[in-house]
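Take a look at the structure set out below.
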Amino acid sequence: MLKHTASSVLAVIAAATTLLFAPAIDAKTLTATATLKADQPGPQISRYIYGQFSEHLGRGIYDGVWVGEGSAIPNVRGIRTDVVTALKDIHVPVIRWPGGCFADEYHWRDGVGPRKDRPSRKNNWWGGSPESNAFGTHEFMDFAEQVGADPYVSVNVGSSNPTEMREWIEYMTSPGDDTLAQERRKNGRDKPFKVPVIGIGNESWGCGGAMTPEYYSNEYRRFQEFFHKNSDNSAIRVASGANAFDTKWTEVLMKNIGNRMDAISLHYYTLPTGNWDKKGAATGFSQQDWANTFDQTLRMEDLLQKHIAVMDAADPQKKIGLYVDEWGTWYDVEAGTNPGHLYQLNTLRDGVLAAANFNIFHHHADRVRLTAIAQTINVLQAMILTQGDKIALTPTYYAYKMYVPFQDATALPFDVTAPTYTIGDKTLPAFNASAAKGKDGKTYIGISNMDPNDSLVLTVDIGGLKVKNVTGQVLTAEKMDAANPIGGKAVVAPVAYTGGKIKGNQLTLDIPAKSVVVVSLD
Ligand code: AHR
């Protein structure tokens, strides 16, 4: 029988930890080439690609956004100041609310009027937790306005009717003297709210009503007849789209709804294992888990291509947008937390993965005009984690921050030949990238190096582009699962990038393993 002494056990743990996190002993520098065609501008990368999703789920809204006016946590009209400041800094363009599954059980009247009179409901989708309705329409609009983001409101189709939708829209947007506009005024808001995007149902194939695409199309058509798209309400109408690879859903909606919708949504989550029963851990994962996670997330490319092909066949002029309004990592919840609250930690892996998805979205900017990561605070792949009055800005947050110059930039063709990274049965491209001309006139290149071991030297032919300066930022860390402590100093945060050189029309970029790099050329 083997006997373990305390020190031999510690030695085994130490060796295992080294295997998990240290760069492989044979870490190499890979090389790759790319071509930047700055003289062939492509579509605009809508700033809405950098959207957020905030649902009444776990501590996403309560604690995360809303602490109430009487809270000792600094707030403006009940909304956390630290969170607003952080979100302003990443220029959040649009926030989707109130769900998610929650939206199809939400009745807007529960969340207007004096807070003391609002009913308490059970949040049936998310842990059965009490929903106080303290955060309703006015509070959400205030939050969006404080952040400087556009509201994207999802209306209840699954357990409601067109009248409730119409009245909510009128309440929010009517400039007139009608009773609903007067009620809004009585509740403290004179001017109509700006509501540029409205979702008609959520996951109508699942939690939003378990409908078939044919049934949902009929429901959508009925609701949209009472939507009254006009000068008071000019919102983009978003139809509830497919679950991941279900292209039949998209096909039926394109045929049966057609131009009665302005956009169709798509939801795809990254589970390291691809298995909903055992998704994988947010921290303490192996290199194989890292590779499996990227393998799953890179399916986004194939997913978009498949849905876009279906949309192109019906709408070659690309009038209807494809909105990936729920995406991101979904891990097993942190031990000791309510399984219905979907609380997970966020590491360097999430930051590198977010950038890999941004690059994919940029490649399809002519059709993908909005995305919303799930979810902004304390839920799934969050930007911010809170604990009482303390917060952490996650590696995902910093990836968003680094990519701000891509908002409303013009996509540029950036052709790369990436080496591969192999572990076990998984072979992935070592990196992906995209380029754009920013609104400031500078050219930007974003790179996600998904190889956890090997650094990369990328040589870029920049053609006729005249470049004097190469500056930028890099996000990396020693460990794959490095995370920023709540209330402590961030260990995964961008620093100045000094790995770029320009000589004639040749740009050379040194890219560390497991990193995000955004360079600016001017
Ligand atoms: O983001 C969490 C949930 O995932 C949303 O409520 C739902 O739309 C999706 O299934």
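Whatever order the structure lists ligands and atoms in, that order sets their numbers, starting from 1.
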Subject >> Verdict with reasoning, His91 to Tyr400, per ring pair (Phe, Tyr, Trp, His ring centres under 6.0 Å) >> reply: CA-CA 9 Å; His91 299 205; Tyr400 272 81; over 10 Å; no
Original post:
Is any NZ, NE, NH1 or NH2 atom of the basic residue among Arg349 and Asp481 found under 4.0 Å from an Asp or Glu carboxylate oxygen of the other?
Top reply: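 No, Arg349 and Asp481 are not salt-bridged.
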Original post:
What orientation do Trp290 and Phe294 show, parallel under 30°, tilted 30 to 60°, or perpendicular over 60°?
Top reply: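 Plane angle between 30° and 60°, so tilted.
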**OP:** Check the angle between the aromatic planes of His138 and Phe193 and answer parallel, tilted or perpendicular using the 30° and 60° thresholds.
**Re:**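 Rings of His138 and Phe193: perpendicular, as their planes differ by over 60°.
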**OP:** May I ask you to test the Tyr106-Glu131 pair for a side-chain heavy-atom distance under 4.5 Å?
**Re:**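 A side-chain contact is absent here, since even the closest heavy-atom pair is not under 4.5 Å.
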Which N or O atoms of ligand 1 sit under 3.5 Å from a protein N or O, and how far apart is each pair?
| residue | atom | partner | partner atom | Å |
| --- | --- | --- | --- | --- |
| ligand 1 | 1 (O) | Tyr269 | OH | 2.7 |
| ligand 1 | 1 (O) | Gln375 | NE2 | 3.0 |
| ligand 1 | 4 (O) | Tyr269 | OH | 3.4 |
| ligand 1 | 4 (O) | Glu326 | OE1 | 3.2 |
| ligand 1 | 6 (O) | Glu55 | OE1 | 2.7 |
| ligand 1 | 6 (O) | Glu55 | OE2 | 3.1 |
| ligand 1 | 6 (O) | Cys101 | N | 2.9 |
| ligand 1 | 8 (O) | Asn202 | ND2 | 3.1 |
| ligand 1 | 8 (O) | Glu203 | OE2 | 3.3 |
| ligand 1 | 8 (O) | Glu326 | OE1 | 3.0 |
| ligand 1 | 8 (O) | Glu326 | OE2 | 2.7 |
| ligand 1 | 10 (O) | Glu203 | OE1 | 2.7 |
| ligand 1 | 10 (O) | Glu203 | OE2 | 3.2 |

**OP:** Among residues two or more places apart or on two chains, list those pairs meeting salt bridge (charged side-chain N to carboxylate O under 4.0 Å, His left out) that have a residue in residues 240-259.
**Re:**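 The answer is Glu214-Lys248.
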